Engineer: 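This is the structure, below, for whatever I ask next.
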Amino acid sequence: MNLDLSFYNWELISNFVQKGFFFSIQLTLVAMIGGIVLGTLLAMMRLSGIKPLEWIATIYVNGLRSIPLVMVILWFFLLVPFVLGRPVGAEASAFITFTLFEAAYYSEIMRAGIQSIPRGQVFAGQAIGLSYGQNMRFVILPQAFRNMLPVLLTQTIILFQDTSLVYVIGAYDLFKGFETAGKNLGRPIEAYLAAAVVYFVICFALSQLVKRLQKKIAIVR
Amino acid sequence: MDLQSKWQIFMQDRGDGVTYVDWVLSAWGWTLSIAACAWVLALLVGFLIGTLRTVPSKPLQWFSNAWVELFRNIPLLVQIFLWYQVLPSMFPALQQVPVFALVVLALGLFTSARVAEQVRAGIQSLPRGQFMAGSAIGLTRPQTYRYVILPMASRIVLPPLTSEAMNIIKNSSVAFAAGIAELALYAQQAGVELSMEVEVYLVVSVLYAVSAFGVNRAMAFIEARVRVPGYVGGSK
């Protein structure tokens with residue numbers, strides 16, 4: 001078995017990989033931002049002490065967490081066009097799916113973050129006359145975010161890896177880019193290897209950065 | 001078509017004496033078999049690698065570190081393709097190995113990195129005195145691990161291992177990419193064949209949730225059986 005190294009050239013990147021790479025990055029960023037916002041809301045719902053809100057958030061989070069991402073992607077691909085009333089592409093469906101799915105995971109992180117703040121902080125906020133919203137916004141959430149930043153970012157690295165599963169609905173992401181190149185140029189082995197290396201380099205580099213950040217935060221605290 | 005006759009389609013023969021119910025049960029069996037085999041592999045390798053990460057030897061630390069980083073930083077889907085496509089073409093001997101075994105290797109080793117991280121954290125959470133006590137009573141380092149450290153650490157890591165065991169059920173769905181007739185592949189194929197995606201997805205999702213919940217209960221049972229009084233969850 002010899003690898004055909006001429007497979008790795010600029011044409012491969014510009015014709016096949018680039019488009020998928022940008023899609024994967026976009027999908028990761030949109031799902032991260034949307035997921036953290038929605039996840040924080042869900043976490044606040046779960047900790048609100050208002051029963052109906054707690055139930056809705058709990059069912060949402062546990063429901064999404066109890067079935068595989070592959071099934072969630074299939075479900076949304078089926079249901080999103082139905083809800084919107086018009087057909088949407090695999091790519092558009094992926095944005096909605098990942099935002100809503102990751103929100104469940106980010107919400108568990110944010111819940112742990114909010115619960116890690118000593119109760120005295122909440123009382124202190126109340127004592128100086130802050131409303132619930134002000135207390136959350138100025139006292140609790142900034143600290144929760146800061147404490148949970150490394151975990152949120154680690155979850156984002158997992159999210160980036162998980163975006164490869166849009167394979168199941170045929171969206172054109174980074175992995176699909178390599179696979180398509182491998183099929184079109186008759187070099188699937190080289191293509192899969194390259195995909196593995198690219199994912200590894202990106203995720204390893206990011207996880208090293210998160211580790212550094214973690215140390216920095218740990219010193220201050 | 002009323003609801004009852006709609007569901008009866010599942011009992012329909014697909015032409016080869018196999019109904020959709022038979023098919024979904026066999027798919028469930030594949031899912032559980034993949035997950036169970038991969039879980040055994042992940043535990044064995046994960047405990048070994050996790051332990052090696054805590055020993056003083058630099059080369060062993062380097063090796064186990066590299067192992068964890070390698071298997072943790074490549075998406076599972078890509079790892080499945082590595083085992084199922086790339087390695088057999090590089091090592092023709094692997095072409096004789098059934099796809100099932102290759103997928104189990106992929107999923108098992110992927111999960112071993114996560115198990116190893118939990119085991120390392122469990123070992124490092126033990127007080128240093130435990131190691132010292134071991135050497136004070138004349139145990140060698142391997143003996144200390146065998147009789148003192150690992151029995152404690154394996155109990156401490158049970159809660160995080162429970163969520164990994166549930167993850168492995170869910171992650172086994174990626175085996176569809178290697179063409180194994182497990183639940184996720186069933187969902188796609190039966191959904192299209194019957195044009196009843198919602199019903200088929202519903203059945204498959206419930207089976208996944210039930211399996212994950214079953215694993216959760218089984219692990220909780222083990223946890224209750226082996227707990228050490230005075231330690232995590234072992235106050236009784």
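Below, each value reflects all heavy atoms present in this structure, side chains not excepted, and no hydrogens, waters or symmetry copies. The sequence lines fix the lettering, A, B, ..., with proteins before strands; numbering per chain opens at 1. In this text the structure is predicted, and so the values were computed from the model without any measurement.
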Engineer: What distance separates B:Leu82 CG from B:Leu102 CG, expressed to the nearest 0.5 Å?
Structural biologist: 11.5 Å
Engineer: Could you list which of residues 184-194 of chain B have a heavy atom closer than 4.5 Å to any heavy atom of chain A, in residue-number order?
Structural biologist: B:Ala184, B:Ala187, B:Gln188
Engineer: Taking B:Asn167, B:Val174, B:Ile169, B:Leu202 one by one, which has the highest count of heavy-atom pairs under 4.5 Å against chain A?
Structural biologist: B:Leu202
Engineer: Taking A:Lys19 first and then A:Glu91, would you say they form a salt bridge - that is, a charged N and a carboxylate O separated by under 4.0 Å?
Structural biologist: no
Engineer: Decide if the gap between the ring center of A:Phe76 and the ring center of A:Phe95 is smaller than 6.0 angstrom.
Structural biologist: no
Engineer: Which answer fits B:Val198, side chain, backbone, both or neither, if we ask what part of it has an atom under 4.5 Å from a heavy atom of chain A?
Structural biologist: both
Engineer: Where do A:Met71 and B:Ser205 come nearest, in terms of heavy atoms and distance?
Structural biologist: CE-OG, 4.0 Å
Engineer: If I measure from the heavy atoms of chain A, does B:Leu207 come under 4.5 Å with its side chain, its backbone, both, or neither?
Structural biologist: neither
Engineer: What's the spacing between A:Tyr172 OH and A:Glu179 CD if we round to 0.5 Å?
Structural biologist: 10.0 Å
Engineer: Is it true that A:Arg111 and A:Glu108 have a side-chain N and a carboxylate O under 4.0 angstrom from each other?
Structural biologist: yes
Engineer: Heavy-atom pairs under 4.5 Å with chain B are the metric here; pick the option from A:Leu79, A:Val168, A:Ile158, A:Val198 that has the most.
Structural biologist: A:Val168
Engineer: In Å, rounded to the nearest 0.5 Å, how long is the span from CZ of B:Arg120 to OG1 of B:Thr51?
Structural biologist: 12.0 Å
Engineer: Would you confirm whether the ring centroid of B:Phe81 sits within less than 6.0 angstrom of the ring centroid of A:Tyr167?
Structural biologist: yes
Engineer: Top residue by heavy-atom pair count (under 4.5 Å) with chain B, among A:Cys203, A:Pro188, A:Ser207?
Structural biologist: A:Cys203
Engineer: Checking A:Phe200 against chain B: side chain, backbone, both or neither under 4.5 Å from a heavy atom?
Structural biologist: both
Engineer: Tell me which of these, B:Leu76, B:Leu70, B:Asn171, has more heavy-atom pairs under 4.5 Å with chain A than the rest.
Structural biologist: B:Leu70
Engineer: Got a second to check how far A:Leu41's CG is from A:Ile36's CD1, nearest 0.5 Å?
Structural biologist: 12.0 Å
Engineer: Go through A:Val70, A:Ile202, A:Leu74, A:Thr163 and name the one with the most non-hydrogen pairs under 4.5 angstrom from chain B.
Structural biologist: A:Leu74
Engineer: Look at B:Arg227 together with B:Glu223 and state whether they make a salt bridge at an N to O cut-off of under 4.0 Å.
Structural biologist: no
Engineer: Is B:Phe213 close to chain A through its backbone or its side chain, or both, or neither, when contacts mean heavy atoms under 4.5 Å?
Structural biologist: neither
